Amino acid sequence: MCGLSGYFAYQRSPAQSDAERLERLSQSMHRRGPDADGAWASGDGRVRLAHRRLAIIDLSSAGNQPMLDPDSGCALVFNGEIYNFQDLRGELIGAGVQFRSESDAEVLLKGYLNWGEGLLQRLRGMFAFALWDPARRGLWLVRDPFGIKPLYYADQAGRLIFSSQVRPLREAFALDTAPAPAALVGLLLMGSVPDPFTISRGIHALSAGHALWVTDQGLGQPAAYASVSALWREAARRPENLSSEALLERVRTAVAASVCVHQVADVPVGAFLSAGIDSGALVGLIAEGRTAPLQTFTLGFSRFRGTGLDEVSHAESIAARYGAHQQTCWISDAEAAADLPKALLDMDQPSVDGFNTWLVSKQTAAMGVKVVVSGVGGDELFGGYSHFAQLPQWRRLVQRLGRVPGALPQLAGGLGLGSRFGLVHAKAAALIRLGPDLAGLYLVRRGLFMPWELPALLDADLVREGLAQLQPPRFLSDALGVDDGFAGDSDAVAHYATIAALEANNYLRNQLLRDSDWASMAHSLELRTPLVDFQLLRELAPALVAPRPPGLSGKRALALAPQPPLPEAVIDRPKSGFFVPMGDWLEQASVLEDWRHVPQLARPGCHWSRRMAYALASEWAG
């Protein structure tokens, strides 16, 4: 886990100050890699790579980067982990390749020299890397299939610059700091900036599962080599209807394998543990293969201690069940309010989420831990969110009412809809404008604001430009690679696959994974996600899209995967999400207060996430 940066002056000589700028950029990412730093430049100075290292695999200096191959002249900087590197290393050794280190980075470098771009089909892990190949006079940028690890780039007057973070990149190289309209609009709509946009006009995110070549001829087009949506689409075409026993065995085998490879490290690996099924199941499966107790970390809020909102007791019961060494990190309101401004400064791009991860990462890193696993991604994979059931209901309702004259205006008034379908009345009219396509319904369900609300919040011209770039809800369906939804052997199968792909391409990628990265790396902590794994998705998607056997809906199969399974008290708990009193903390910290002068946000009962999204958009808009 590291911070990488560099540039390739593909059509001009670099400026004298460029090396200093890159050094400043790399140093500003010190917390991403406090263990070592390095830099490399080509003979003509047109290519320069820099790296900050958090040493996890092969702790010796042999694993430091930039990593060079003396025979080919290739140079690599890499952020992330290749979990199957030992298997790949064995293949390469069998082919006569010699290694100088025990690192996964060298496996990437040697793998490219032996398999070329076919290397990408062999990798299992989370990664972003840049590889310079002098034979092609090209720089190769690559990002993992889910987009777990970030990679940003800017094309500036014949020079390609890249980095693991947006803020240091734009500051070090004096890039266009004007906010990208699509980013601000996306932030207000969904609570985060949608890839491939970033908060800065001139900086782009390399899309998940894509690779990009930059040569003397200039930038190529990002090319997809792996697609989460394509896996869900294929699963919808060929669902596997399994018996209860077969489904349980499939889930247990696949998740246990993912858990196993996510333990690969030369330092101890701990785990975040909440009261939920996702992290609890991971802890149970990890414990099966360990002789020493697993160290687990739970975030508790003092104000909820002993109340129905306190999840600590459930988490501690899970830890006790699997013999884990549990650490509960209690956070007071005063401490949270004092830390919130610090977290906002660490935030690489605006987001309404991530503070809870920042808090627990701070506490975990303070105990000397460098790597943790997290249960993020379980709801998106196993259909744990209520809208996996709600959105198909809404779609059928809108389609049915659309055939009845005068029915849709009644729907706009929310007659009976709020209580029956769990939809707030204020969004009822959005179904008319955005439904019945699943992408539109997803925006209604997930959206903080609706598109037509935005001109009253930000500059009208900026909003107009941002909406034209995103074309909501078009930007959601574009990520699927189809206009709306996937064909399947039944509506239920197609609906599940489509909603799962929408979640993976939007909420999971742009919010949960991105927030997990900046919030953990702010404390030099590597966060791993065994339930967000391309191989795991390939193995489970065909079984999960099919109708589940009785008693195995939602995440129950995951809960039963460990031996012994999770306690019934945990499995049967109503899903409530991880409640964070952000509204009160925002008030106490006296930050992001711009919302107070907006009547619709100042009303009592307005959710804090809407206020925070607006305040962040206003702040980043300048």
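Side-chain atoms are counted along with the backbone in the values below, which use heavy atoms only and exclude waters and symmetry mates. As the structure is a prediction and not an experimental result, all values here were calculated from the model.
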Do R32 and N79 come within less than 4.5 Å of each other through their side chains, counting heavy atoms only?
-> yes
Expected output: side-chain N510 to main-chain D195 donor-acceptor under 3.5 Å = yes
So, D144 and K149, do they make that salt bridge, N to O below 4.0 Å?
-> no
Side chain proximity check, Y152 to D348, heavy atoms < 4.5 angstrom | yes
Any donor-acceptor pair under 3.5 Å linking the side chain of K370 with the backbone of A55?
-> yes
Gap between atom CD1 of I161 and atom CD1 of I203 - 0.5 Å precision = 8.5 Å
Would you call D37 and R53 a salt bridge, using N to O less than 4.0 angstrom?
-> no
Using atom types as modelled and distance alone, determine if a side-chain donor or acceptor of R548 lies under 3.5 Å from a backbone N or O of G554.
-> yes
Inter-residue atom distance S192.OG - N506.CG, 0.5 Å rounding = 8.0 Å
Does a side-chain N-to-carboxylate-O contact under 4.0 Å join R136 and D216?
-> no
Could you walk me through whether F272 and S374 pass the side-chain contact (heavy atoms from CB on, under 4.5 Å) check?
-> CA-CA 5 Å; F272 287 161; S374 164; 4.3 Å; yes
Does the side chain of F85 come within less than 4.5 Å of V264's, by heavy atoms?
-> yes
Does NZ or CZ of R446 fall inside the cone over Y507's six-membered ring, less than 6.0 Å from its centre and within 45° of the axis?
-> yes
Determine yes or no for a side-chain-to-main-chain donor-acceptor pair under 3.5 angstrom, with S524 supplying the side chain and R31 the backbone.
-> yes
Taking atom CG of L537 and atom CG of L381, what is their separation to the nearest 0.5 Å?
-> 6.5 Å
Check: L391 main-chain N/O paired with R445 side-chain donor or acceptor under 3.5 Å | no
Roughly how far apart are F146 CZ and L531 CG, rounded to 0.5 Å?
-> 10.0 Å
Considering only NZ, NE, NH1 and NH2 on the basic side and carboxylate oxygens on the acidic side, decide whether R528 and E526 come within less than 4.0 Å.
-> yes
Taking NZ, NE, NH1 and NH2 as the nitrogens, is one of them in E234 or R237 under 4.0 Å from a carboxylate oxygen of the other?
-> yes
Are any of the side-chain heavy atoms of D517 and I148 separated by less than 4.5 Å?
-> no
Examine the side chains of D346 and W518 and answer whether a donor and an acceptor come within less than 3.5 Å of each other.
-> no
Polar side chain donor-acceptor pair, S361 to S520, under 3.5 angstrom | no
If we ignore angles and hydrogens, is there a donor and acceptor under 3.5 Å between the side chains of W213 and Q221?
-> no
Any sub-3.5 Å donor-acceptor pair from S26's side-chain atoms to L22's backbone N or O?
-> no
Determine yes or no for a side-chain-to-main-chain donor-acceptor pair under 3.5 angstrom, with S42 supplying the side chain and V47 the backbone.
-> yes
Any side-chain heavy-atom pair of Y83 and D104 under 4.5 Å | no
For the residue pair N241 and A546, what are the closest heavy atoms and their distance?
-> OD1-CB, 3.7 Å
Taking the side chain as every heavy atom from C-beta outward, state whether M29 and S164 have any pair of such atoms under 4.5 Å apart.
-> yes
For A497 and V545, which heavy atoms make the closest approach, and how far apart are they?
-> CB-CG1, 4.0 Å
Is there a side-chain contact between S5 and L169 (heavy atoms, below 4.5 Å)?
-> no
State whether R201 and E465 are salt-bridged, where the test is any N-O pair (Lys NZ or Arg NE/NH1/NH2 against Asp/Glu carboxylate O) under 4.0 Å.
-> yes
Kindly assign one of parallel, tilted or perpendicular to the pair Y385 and F388, based on the angle between their ring planes and the thresholds 30° and 60°.
-> parallel
At what distance, to the nearest 0.5 angstrom, does CD of Q390 lie from CZ of R395?
-> 16.0 Å
Can a salt bridge be assigned to the pair E106 and R89 using a cut-off of 4.0 Å between side-chain N and carboxylate O?
-> no
Decide, yes or no, whether a salt bridge links E380 with K555 under the criterion of side-chain N to carboxylate O below 4.0 Å.
-> no
Measure the spacing between CG of L247 and CG of L544 and express it to the nearest 0.5 Å.
-> 7.0 Å
Can you name the closest pair of heavy atoms from P472 and L443 and give their distance?
-> CB-CD2, 4.0 Å
Check whether any side-chain N or O of Q469 sits under 3.5 Å from a backbone N or O of A182 as a donor-acceptor pair, and report yes or no.
-> yes
Identify the heavy atoms of W140 and E117 that sit nearest to each other, and give their distance.
-> CZ2-CG, 3.7 Å
Validate the cation-pi geometry between R48 and W40: distance from NZ or CZ to the six-membered ring centre under 6.0 Å, angle to the ring axis within 45°.
-> no
Consider only side-chain N and O atoms of H262 and E81, and report whether a donor and an acceptor are under 3.5 Å apart.
-> no
Quick one: do D533 and T529 satisfy side-chain contact (heavy atoms from CB on, under 4.5 Å)? Show the steps, please.
-> CA-CA 7 Å; D533 178 90; T529 57; over 6 Å; no
Mind checking whether F486 and W232 have ring centres under 6.0 Å apart?
-> no
Does R124 offer a backbone N or O that forms a donor-acceptor pair with the side chain of N84 under 3.5 Å?
-> yes
Does any donor atom in the side chain of T215 or R137 lie under 3.5 Å from an acceptor atom in the other side chain?
-> no
Taking every heavy atom of A154 against every heavy atom of L175, the minimum-distance pair comes out as CB-CD1, 3.7 Å
No-hydrogen, no-angle side-chain donor-acceptor test under 3.5 Å, D437 and Y442 = no
For L616 and S351, which heavy atoms make the closest approach, and how far apart are they?
-> CD1-O, 3.3 Å
Can you say whether the rings of Y153 and H204 are parallel (under 30°), tilted (30 to 60°) or perpendicular (over 60°)?
-> tilted
Give a yes or no on whether the backbone of A208 and the side-chain of H210 come within a donor-acceptor separation of less than 3.5 Å.
-> yes
Do the non-hydrogen side-chain atoms of Y10 and L219 ever get within less than 4.5 Å of each other?
-> yes
